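Counting starts at 1 for both ligands and their atoms, in listed order. Here the structure is a predicted model, which is why all the values come from computation and not from measurement.
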Amino acid sequence: MKKGVIILGSANSNGETRKIVSYISDKTNYPIIDLKQKNISEFDYEFKNRNDDFHPLIKEIVDTYDIIIFATPVYWYSMSGIMKTFFDRISDCLKIEKETGRKLRGLEMAVVSCGSDKKLKNGFHMPFIETAKYLGMNYVSDVHCWIEDNDIPISVKNDLNEFVKSIQ
Ligand SMILES: Cc1cc2nc3c(=O)[nH]c(=O)nc-3n(C[C@H](O)[C@H](O)[C@H](O)COP(=O)(O)O)c2cc1C
């Protein structure tokens, strides 16, 4: 059994992506970390933000978990801004937190997206796949979801059940 963590990157802590990650967390017992509740500022070349919440968070993640599940709404065909900021800050781990950066190697990555459209445009997963490659992480799987009438449709639940198998 792997140890996993779900990183939620929605602008709405209790929105549609939260519904999806709650479903995954119920099945896996993986905790959810809500980036919206963290103080993580944009990448800074001078690392003036080194005392915000990013470094303790990424250290805890690399020291505790085998698989990171990134869950993001689709905003303008891409990952959310909050999630992108988290990815940008991983650059800190290549410059001033190198030990943490090295510990990312060999960890697994999976991606959950939630949009209003039932299909993602080509290339949505590219930044995740290439980042995993660059960091020496193993990209294991992804699943795309949407919500209908405030609930997870059956077909999405079926996809999520398959996804859950791939991350355990
Ligand atoms: C700023 C913004 C941009 C969006 N762009 C897209 C998009 O490009 N494609 C799509 O399918 N849905 C798009 N949506 C819809 C959301 O992805 C969808 O409603 C999602 O379930 C919202 O999840 P959330 O409640 O966690 O934010 C957008 C929503 C917002 C607020």
Within the protein, residues bringing a heavy atom under 4.0 Å of ligand 1, chain by chain: Ser10, Gly15, Glu16, Thr17, Pro73, Val74, Tyr75, Trp76, Tyr77, Cys114, Gly115, Ser116, Asp117

Find the distance between CD1 (Ile40) and NE2 (His55) and round it off to the nearest 0.5 Å. 10.0 Å

Can Gln168 and Thr28 be counted as having a side-chain donor-acceptor contact under 3.5 angstrom? no

Should we say atom NZ of Lys2 is surrounded by more than 12 heavy atoms from elsewhere, each under 6.0 Å from it? yes

Examine the side chains of Tyr23 and Asn161 and answer whether a donor and an acceptor come within less than 3.5 Å of each other. yes

Parallel, tilted or perpendicular: which describes the rings of Phe47 and Phe43, with under 30° parallel and over 60° perpendicular? perpendicular

Check against ring pair (Phe, Tyr, Trp, His ring centres under 6.0 Å), Tyr65 and Tyr30: CA-CA 10 Å; Tyr65 300 105; Tyr30 292 172; 8.0 Å; no

